[in-house]
There are 2 protein chains.
Amino acid sequence: MSTSRPRRRIPEASVARLPIYLQILIEQADGGVLNISSEGLAELAGVNAAKVRKDLSYLGSYGVRGVGYEVDYLIFQIRREMGLDQDWPVVIVGGGNLGQALAGYGGFSGRGFPVGAIVDNDPAKVDTVVGGVRIRHLDELDTIVSGTGIAIGVIATPASAAQEVADRLVAAGITSILNFAPTIVTAPSRVSVRTVDLAVELQILSYHEQRRANLRSGTRTGGRGTGLGPGSATLKRGATA
Amino acid sequence: MSTSRPRRRIPEASVARLPIYLQILIEQADGGVLNISSEGLAELAGVNAAKVRKDLSYLGSYGVRGVGYEVDYLIFQIRREMGLDQDWPVVIVGGGNLGQALAGYGGFSGRGFPVGAIVDNDPAKVDTVVGGVRIRHLDELDTIVSGTGIAIGVIATPASAAQEVADRLVAAGITSILNFAPTIVTAPSRVSVRTVDLAVELQILSYHEQRRANLRSGTRTGGRGTGLGPGSATLKRGATA
DNA sequence: TCGACTTTGTGAATTCATGCACGAGCGACA
DNA sequence: TGTCGCTCGTGCATGAATTCACAAAGTCGA
């Protein structure tokens, strides 16, 4: 009992990196590499070696001093710790552009997240087949979830529908949501929600672009002085909630 | 001169939140809301009000005590600071599943990132039209970038091609890369790179799912004791690089 | 068997981010 | 014009994440 079982609760920042290490390790294993040092892994992941060691230490003490980590064993341990030693089928909500791309994208099934179902509320889309899966009606969500034990829902709808979809996913018993709609969705705290907003990513890049542009053109751009001041018009209190 | 120009260098964590505030503010403006308190904005963004104020304070001092922030003016300032007062056309590399979905996804153009070009190295794809844009050959990248001044490249290729594509993007003069391929891509430090790996997101959710499952079934699952020990076989030093 | 060498695992120092708590400023209203 | 109430801006304390630096633990070759 006292053998391996690692101390729980891995810091979020580490949890976010483990999949990256995992992916690199799998590539290395495929390439015939048997073991790897924290230094080598750090190099490939583009991070600091000490960080790699600390991250891995949360899993347990699986390295061998003077040698490094056995690739296969590390893969095994990361998988186990992250719950990737089983498949997690997902239900995609939204059979539009993005939903279809996700369903057709091999990267899901190939990495342990097969598309178990796709639903849409548009009758015209229902019964069409995408990526080998027949689109079903949104109303069947409860049946699907309770019938298959799917725990993860993927929202690929327009922003306007996202929150309602999230509510329905939660009601159906989903406990993790990956949201691609460009809006915040809220859910009870027992449910994990992650939002991936493509535009947000681009906007972050935009900030850095802009920053570089400013630096190039002499420390700061001559003010784009639009005259507008903070209190350009006296503020009138509007609805705040 | 001493008027507005805010102190530079906004912490990364704040930069990542500003687009979210921006989006909420735009929604509010559309709904006719004229001003909003840090409390209100925090509520909508799902974060702490002090954090909102601190984030916004990096832009300058644009709030009015006792009243809040003028929505329109805040939108203007966030846009300006993030470089969103101009369009940033992007070039998408990869006309496959994902590339097509991205090109067809309104969320890009609609938010200031029009798809300026799509390229692919598959002759069969070249000249087909996706989302109103004709796919051109990858080899035209240099011409496209220098001709249009596009600064942002989006990688929507298989992982195996990602690094080479990144290199070519950099060579062509791109300074920001948004990578959707499930692999690390490296670039000179003058180039910003962000990777969005859908599977990684799911794996993070998996971790939390698994964690909940473990907690439910009595503190910790009975060990899946596969006998395997850290040094199951004596490690032989393999290639490390 | 021993000593040189390599690489881990982790305490300690540092940097970054969050959240509290409160002074200061502003509008509203008498 | 003075007072009251609201909300910002920010100093400070706390906590999380990163990085350094080194003892401990192992391998390898002679």
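All chains are named by letter (A, B, ...) in the order of the sequence lines, taking the proteins before the strands, and each is independently numbered beginning at 1.
Along DNA chain D, the nucleotide nearest to E12(A) and the one nearest to R53(A) differ in position, and the one closer to the 5' end is contacted by E12(A).
Here dT8(C) presents its P atom at 16 Å from OH of Y62(A), a figure rounded to the nearest Å. N48(A) places its CG atom 15 Å from the P atom of dG9(C), with the value rounded to the nearest Å. With rounding to whole Å, D55(B) atom CG is found 12 Å from dG19(C) atom C1'. Atom-to-atom, NZ of K51(A) to C1' of dG9(C) comes out at 17 Å; the value is rounded to the nearest Å. When rounded to the nearest whole Å, the span between CD1 of I10(B) and P of dC16(C) equals 16 Å. Here dC8(D) presents its P atom at 8 Å from CD of E39(B), a figure rounded to the nearest Å. When the P atom of dT7(C) is taken as reference, atom CG of L41(A) falls 14 Å away, rounded to whole Å. Atoms CG (L74(A)) and C1' (dT8(C)) sit 13 Å apart, rounded to a whole Å.
By the salt bridge (charged side-chain N to carboxylate O under 4.0 Å, His left out) test, R194(A) is found to be paired with E201(B), residues two or more places apart in sequence or in another chain being considered. Listed by chain and number, the residues in a side-chain contact (heavy atoms from CB on, under 4.5 Å) with A29(A) are V71(A), D72(A), I75(A) (sequence neighbours excluded). Scanning for salt bridge (charged side-chain N to carboxylate O under 4.0 Å, His left out) contacts around E39(A) gives an empty result, with sequence neighbours left out.
Side-chain atoms of L59(B) and L18(B), non-hydrogen and from C-beta on, do get closer than 4.5 Å to each other.
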Would you check, one step at a time, whether the test side-chain contact (heavy atoms from CB on, under 4.5 Å) holds for Y207(B) with I10(A)?
CA-CA 10 Å; Y207(B) 171 75; I10(A) 302 176; 3.7 Å; yes
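Distances shorter than 4.0 Å separate none of the side-chain N or O atoms of S37(A) from OP1 or OP2 on dT7(C). Distances shown here put every side-chain N or O of Y58(B) at or beyond 4.0 Å from the OP1 or OP2 atom of dA17(C). Contact between the side-chain N/O atoms of Y69(B) and the OP1/OP2 oxygens of dC26(C) is not found at any separation under 4.0 Å. Between dG9(C) and S61(A), a contact under 4.0 Å exists linking OP1 or OP2 to a side-chain N or O. For S38(A) and dT8(C), the shortest distance from a side-chain N or O to OP1 or OP2 is below 4.0 Å.
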Between the protein and nucleotides 11-15 of chain D, list every N/O to N/O distance that falls short of 3.5 Å.
residue : atom : partner : partner atom : Å
dG11(D) : O6   : K54(B)  : NZ           : 3.2
dC12(D) : N4   : K54(B)  : NZ           : 3.3

Dump every N/O contact between nucleotides 24-26 of chain D and the protein below 3.5 Å, one line per pair.
residue : atom : partner : partner atom : Å
dA24(D) : N3   : R65(A)  : NH1          : 2.8

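Within 6.0 Å of CD on E12(B) lie more than 12 heavy atoms contributed by other residues, nucleotides or ligands. The environment of CD in E27(B) is crowded: more than 12 heavy-atom neighbours from other residues, nucleotides or ligands sit within 6.0 Å.
Across all non-hydrogen atoms, the minimal contact from I92(A) to A156(A) is CG2-CB, 4.4 Å.
Proximity of a side-chain donor or acceptor of Q210(B) to a complementary backbone N or O of L84(A) within less than 3.5 Å is not detected.
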Can you list, pair by pair, the side-chain donor-acceptor contacts under 3.5 Å of residues 168-179 of chain B, counting residues two or more places apart and other chains?
residue : atom : partner : partner atom : Å
R168(B) : NH2  : D139(B) : OD1          : 2.8
T175(B) : OG1  : E209(A) : OE1          : 3.0
T175(B) : OG1  : E209(A) : OE2          : 2.4
S176(B) : OG   : E209(A) : OE2          : 2.7
S176(B) : OG   : R212(A) : NH2          : 3.2
N179(B) : OD1  : A181(B) : N            : 2.9
N179(B) : ND2  : A181(B) : O            : 3.1
N179(B) : ND2  : T183(B) : O            : 2.9
N179(B) : ND2  : T195(B) : OG1          : 3.2

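Counting any heavy atom pair closer than 4.0 Å across all strands shown, A13(B) reaches sugar-phosphate atoms only and no base atom.
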